Enquirer: 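Have a look at this one.
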Amino acid sequence: MISLGRVVHKAPPFVFPFSYDNDCFHICLNFSSLKTLISDPFYIRGILSSIKIALISMVGCLFIGYPAAYAISQLSKPKQMIVLILMCVPFWTPFLIRVYGWMGLLSQTGFVNHMLMQLHIIKEPMIFLGGDFGVCVGMIYCYLPFMIFPIYSALSKIDPYHVEAALNLGCPPFWIFMKIIMPLSLSGVIAGCVLVFLPCLGEYVIPELLGSSDTLTIGRIVWSEFFINRHWPMACSIAVFLILLFVCPLMIWNMKKTKEDAIR
Amino acid sequence: MGKTQNFDTVNINGDSIETMMLYRRYFWQKFILFMLFLFIYFPILYLITFSFNNSKLQGIWSGFSCHWYHQLSQNTMILKAIQTSFEIATLSATGSLILAIIAALSYEKFYGFKKQPLLLPLITTTLVIPEVVLGLSLLILFLPITKGALTVICAHMTLTTAYVFMLLQKRFQDMDHSLEEAALDLGAKSYQVFFKITLPCLMPSLLSGWLLAFVLSLDDVVIASFVGGPGVSTLPILTFSQLKTGITPEINCLCTFIVGIMSFGLLVWSYVLRHQKSHR
């Protein structure tokens, strides 16, 4: 159903706003918006900055999520269940409300600034909101479970005998981690990274609420082109660009991988 | 993690190195989990405490009061939005559950079909498509139809079906299919098998799939505002516009309610799961 939607929005007749006449005209228009997308520095800057934000949040998620997933996978089975359920509770609350929580925490009169002032680390309240920092924090917070769950499931599949064998053979713990645990959990890490990176790239709500008007992301550009400029072809061509550049390679890679697995 | 276990104690005998490693390991494990939960729960606890705040300003504590709860109960706009949201979420969750059951069943029937490896990635990639893109494409798809609650329900169904399908398909693969075969051998009709054996076997994942779809639909701003017409204001759309315009302490109270309901639901859910397990 969704793949149907994707084909449809590439189709030029639908892209032109409010009318369905002359076919040739539509195609011309589509080209022009694609050309502006490539030539206008505004869009390129927006795309680059959203890639930067998504990358930072992905790495941040990885740095928080991997140790967390590892720690969870080391617990006993009933405890794992409890921890996972407890982890889910906040993520089942509407995410707007969670973002609102961060707005309160990071604002100039908010808790974080208050604590830092009390501890005499800073004198003036710092401005967290309205920049990339706030946006990244929000994204890391919202997409953390998408990182933890794949890594956790990969880690919990690792046979503990591998680790034990390596320990018996005198391998120092650091190298056990590098040579056994890391490669075996790599699939989970990749899945988690993809699950965090791509939605972050098109995120609209978090940069809108936690960032300033300068923090451009692809999601915001599409939104403003669509709702404010009413330039539908532009919005659609950005969306197509996003799909071509990021989603299609992933899909092809995914298909290849499943095929290989099926052959095995 | 590995780095933290890198011991620098050279002159201790092997036995105590091991115990020390274990000790350190438990310390780090607890520390990491503690930090994780602090990070996860802090914003929500913050909101809950400030829902009892007297002043309108977020972050400045000026005494305990239930003033904002009273305000919330008076605010018909929010209450109306809650109602719309719940209706849409219920309908779309049910719809996507039905679709996902059909999809999972037919997927399983195609087992061994040559093109099958191509089908699953097609569905899984829809999970990572950015919401804005999905909303835009759905809007263009719905262009000839008048926008309203119906289009929002359909859009949410497309969003959630993939998630529910993934859940169901996993469960379906792990299911014991010999039960179905036994029933068929004993002369049950295929629809009888489906309603009396397959569905009850899938029940736990059906429930969790429905809940997941419900929550996803309740959570969504972007697609709803693309697809919904001016008449449909769901709770997230309303909250979002209020957050953009200014500070609204009523949302704190709303958060408290939702967290309460969610944690209660999860408690019941985990109790049911445990009960079922011990029953078997």
Side-chain angles (χ1 to χ4, degrees), chain A residues 1-3 5-6 8-9 14 67-68 70-71 74 83 85-90 92-98 100-102 104-105 107 109-111 114 173-174 176-178 194-195 198-199 201-205 208-209 219 222-223 226 235-236 239 242-243 247 250-251 254-255 258-259 262, chain B residues 1-3 5-6 21 28-29 32-33 36-37 39-44 46-47 50 57-60 117-118 120-122 124-134 136-138 140-141 143 158 161-162 215 218-219 221-222 235-236 239-240 243-244 251 254-255 258-259 262-263 266 270:
Chain A
M1 241 171 153
I2 294 167
S3 63
R6 202 184 306 137
V8 166
H9 89 247
F14 281 92
Y70 188 82
Q74 296 296 308
V83 168
I85 287 175
L86 275 178
M87 225 178 69
C88 283
V89 176
W92 282 49
T93 58
F95 97 125
L96 266 177
I97 285 173
R98 280 179 275 140
Y100 181 54
W102 278 108
L105 277 175
S107 69
T109 55
F111 183 81
H114 193 72
F174 177 68
I176 289 184
F177 177 75
M178 288 303 277
V194 168
L195 278 177
L198 280 175
L201 209 59
E203 185 57 59
Y204 167 72
V205 176
E208 183 76 25
L209 289 177
V222 172
W223 183 282
F226 192 84
C236 290
L242 193 63
I243 284 177
V247 179
L250 176 80
M251 206 142 107
N254 211 340
M255 278 183 181
T258 357
K259 241 186 196 165
Chain B
M1 280 305 289
K3 233 178 240 167
Q5 292 169 9
N6 222 354
M21 257 176 62
W28 278 106
Q29 190 182 359
I32 286 172
L33 284 178
L36 178 75
F37 278 109
F39 182 63
I40 288 176
Y41 274 92
F42 202 71
I44 289 172
Y46 181 81
L47 280 185
F50 274 92
L57 286 170
Q58 187 91 357
I60 297 161
L118 298 177
L120 200 57
L122 211 63
T124 49
T125 33
T126 56
L127 300 182
V128 297
I129 288 180
E131 274 184 327
V132 175
V133 176
L134 198 62
L136 191 60
S137 57
L138 280 169
I140 291 162
L141 184 70
L143 211 53
T158 47
T161 305
V215 169
L218 211 59
D219 215 15
V221 197
V222 176
L235 185 63
T239 342
F240 184 57
L243 286 187
K244 275 211 294 193
I251 291 174
L254 205 64
C255 167
I258 292 173
V259 172
M262 285 293 169
S263 30
L266 271 174
S270 56

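As the structure is a prediction and not an experimental result, all values here were calculated from the model. Each chain gets a letter, A, B and so on, in the order its sequence line appears, and its residues count up from 1.
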Enquirer: Do you know the tightest heavy-atom contact between B:Val132 and A:Gly219?
Expert: CG2-CA, 3.8 Å
Enquirer: At a heavy-atom separation under 4.5 Å, does B:Ile40 approach chain A through its side chain, its backbone, both, or neither?
Expert: both
Enquirer: Would you mind checking which part of A:Leu201 comes under 4.5 Å of any heavy atom in chain B, side chain (CB onward), backbone (N, CA, C, O), both or neither?
Expert: neither
Enquirer: Mind telling me whether B:Phe39 and A:Trp102 have parallel, tilted or perpendicular rings, with 30° and 60° as the class edges?
Expert: tilted
Enquirer: Below 4.5 Å from any heavy atom of chain A, which atoms of B:Phe37 appear? Answer side chain, backbone, both or neither.
Expert: side chain
Enquirer: Taking all non-hydrogen atoms of both residues, which atom of B:Leu33 and which atom of A:Ala71 are closest, and how far apart?
Expert: CG-CB, 4.1 Å
Enquirer: Tell me the closest heavy-atom pair linking B:Ile32 and A:Pro67, and the distance in Å.
Expert: CD1-CB, 3.6 Å
